[in-house]
Amino acid sequence: MKTRDVVIELLSQIGSSREAREYLRKFSSRDSSQFAVIKVGGEIIQNDLEQLASSLGFLHHVGLIPIVLHGAGTQLNQALDAAGIDTQKIQGVRVTTPEVMAVIRPVMYRLNHNLIEALEALGIRARPLQHGVFECDYENEDQYGLVGQVTRVHLDGIRSSIASGSLPIVTCLGETPGGQVMNINADVAAAHLVLAIEPQKIIFISPTGGLLNSYDHVMSAINLETDYQRLLEADWVHSGMRLKLIQIHDLLQQLPASSSVSITSAQNLTRELFTHRGAGTLIRRGEGFCVESEISETRQAELKSLIETCFQRELHDDYFVALNIDALIWAGSGRAAGVIDQGCDGICYMDKFAVTPSAQGEGVGSALWHQIRQRYPQLYWRSREDNPVNSWYNRHADFCIRRGKWQIFGYGIDDMSLIGRLVEDAARRDEFWIDSTLEEESLA
Ligand code: ARG
């Protein structure tokens, strides 16, 4: 790809160059082999190869070399059908007789070559690693035949490829110490590779471009700390997705808290990586929340600075004196907080909902919102008419009433005269921005 094309791709895909630079710095901050492990299924290589190669090539152009691991699910089924071989799967594991292995190997090699050729056609160097990475034992020779249980992961080949500026393209095949080639389940291979590398990002390229919610929309982010149980119990989470969630959860538990999983499409990969909002599903171990009703001075200072960062305005010092705080709900990383005031008529008022842009992209905002909803069955709040968050508020509120420059939202309250009083109260509240009068005048 010519530099010009790279720039065009960059411009069309990326939200803001500041965001892009922030993530580029972050992803380049560790050892160069620890950027990402990207798992690609056979289906993507078959149907979306050019897009995949172009997204991987883009990463290579900005100096990031991911480790690509591929399976061959679809093609294997086709090849086995064509060869007239019936295979059996026991608990999702394909029983691999020598006859089946004879079909698997060439299919794996072919896919590996397809991917490398597509990259090289774009001028991107790539190296095939079809063997020598996964050392295996027999999983259970009598039951599964040549299915490998990974006993060691050898990283030399991968490291040397990255050091020379080539993308390592790893196949899901392993060998016993004696040299027998073994078939390894692609998810199992991915998990072993990830644990050996401890990358910042684990990326699954999937045809759906993410995990789908009950409306078949891609879920933007999952904060395992607060969402995992809820998702496992949800009736719309079907068995394939449950299994995936459990695997990802177990994997992330064994990695540094900063590692995250992204499920995205070949096309959206760049956007997923280089914007806060992403394009796909981001899964993190995430963070818990704590609730405080007494706010110490240190906390006040932290909260003030968070609010000022999020709203890009300066807060008056008497903010904390004027509020009648019921609770402060605070994300573990300190990047999000909800400030709940005692409100009027016994119904609490949400005075601030502050989430930094990066935390928004990671889903910390929705996780905070869940905490607030659980704790407050009734709540009201206000927001400026032109606030871009309003459409989100609208979806989460039962009512939205306009009063001058404010939109007043609430949920859990049916009594109309009570709603009237809450709306009046919300519209009357002081603003504690130092520049608020100034700005209003300049807007007038
Ligand atoms: N660019 C960041 C990352 O890759 C955030 C992505 C957010 N993605 C999302 N689907 N919410 O780590």
Side-chain angles (χ1 to χ4, degrees), residues 9-30 34-40 55-56 58-60 62-68 194 197-213 215-228 231 241 244-245 248-249 251-252 255-287 310 331 333 335-336 355-370 388-389 391-392 395:
E9 164 130 42
L10 181 79
L11 289 178
S12 66
Q13 295 226 3
I14 283 166
S16 91
S17 61
R18 190 159 48 110
E19 264 172 82
R21 274 200 298 271
E22 187 180 320
Y23 285 109
L24 194 54
R25 204 176 318 118
K26 178 171 169 192
F27 296 143
S28 324
S29 65
R30 296 235 292 263
Q34 287 183 305
F35 157 51
V37 169
I38 303 190
K39 193 202 139 195
V40 195
S55 297
L56 294 175
F58 179 79
L59 294 176
H60 190 268
V62 295
L64 295 170
I65 304 194
I67 302 166
V68 180
V194 161
I197 295 276
E198 300 202 340
Q200 304 196 56
K201 296 290 306 182
I202 299 122
I203 299 163
F204 295 93
I205 304 288
S206 95
T208 52
L211 291 182
L212 304 179
N213 64 15
Y215 305 105
D216 270 0
H217 293 152
V218 168
M219 283 190 276
S220 169
I222 296 174
N223 181 62
L224 290 172
E225 178 82 32
T226 51
D227 300 341
Y228 186 56
L231 284 172
M241 176 163 160
K244 188 118 221 157
L245 266 174
I248 291 175
H249 171 269
L251 191 59
L252 285 175
L255 292 171
S258 58
S259 294
S260 66
V261 169
S262 281
I263 306 176
T264 183
S265 64
Q267 188 186 1
N268 286 337
L269 177 61
T270 314
R271 190 190 292 274
E272 170 64 12
L273 287 173
F274 296 102
T275 63
H276 291 319
R277 184 183 278 256
T281 305
L282 177 79
I283 307 177
R284 295 164 60 247
R285 253 156 71 182
E287 45 205 288
C310 296
S333 65
R335 294 177 305 153
V355 187
T356 66
S358 73
Q360 270 171 37
E362 292 169 16
V364 182
S366 345
L368 171 61
W369 181 251
H370 272 291
V389 182
S391 62
W392 191 85
R395 272 182 278 133

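Both ligands and their constituent atoms are indexed starting at 1 by order of listing.
Between H249 and Y228, the two ring planes are parallel [angle under 30°; tilted spans 30° to 60°].
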Working note: E287 + R335, criterion salt bridge (Lys or Arg N to Asp or Glu O under 4.0 Å); need CA distance, chi angles, decisive distance, verdict.
CA-CA 10 Å; E287 45 205 288; R335 294 177 305 153; 3.3 Å; yes
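The protein atom (non-hydrogen) at minimum distance from atom 4 (O) of ligand 1 is K201 NZ, 3.0 Å.
Among the atoms of F27, none of the N or O lies under 3.5 angstrom from an N or O of ligand 1. Inclusion of S220 in the set of residues having an N or O under 3.5 Å from an N or O of ligand 1 is warranted. The shortest N/O to N/O separation between G280 and ligand 1 falls below 3.5 Å. The distance criterion of under 3.5 Å between nitrogen or oxygen atoms is not met by A279 with respect to ligand 1. In terms of N/O distances under 3.5 Å, ligand 1 is not approached by H276.
The proximity of T275 to ligand 1, defined as any non-hydrogen pair under 4.0 Å, is limited to the backbone.
For the atom pair E225 CD and R285 CZ, the distance stands at 9.0 Å (nearest 0.5 Å).
Residues S259 and K201 have side chains that never bring a donor and an acceptor to within less than 3.5 angstrom of each other.
Those atoms of ligand 1 that come under 4.0 Å of a heavy atom in G361, given as number and element, are 7 (C), 8 (N), 9 (C), 11 (N).
A donor-acceptor pair under 3.5 Å is absent between the side-chain atoms of E198 and the main chain of L255, judged by distance alone. Under a 3.5 Å cut-off, the side chain of R284 and the backbone N or O of G363 do not form any donor-acceptor pair. In terms of modelled atom types and a separation under 3.5 Å, the side chain of E19 and the main chain of T275 share no donor-acceptor contact.
Closest heavy-atom approach to atom 6 (C) of ligand 1 among the candidates R271, K26, E272: E272.
Within the structure, ligand 1 lacks E19 among the residues with a heavy atom less than 4.0 angstrom away.
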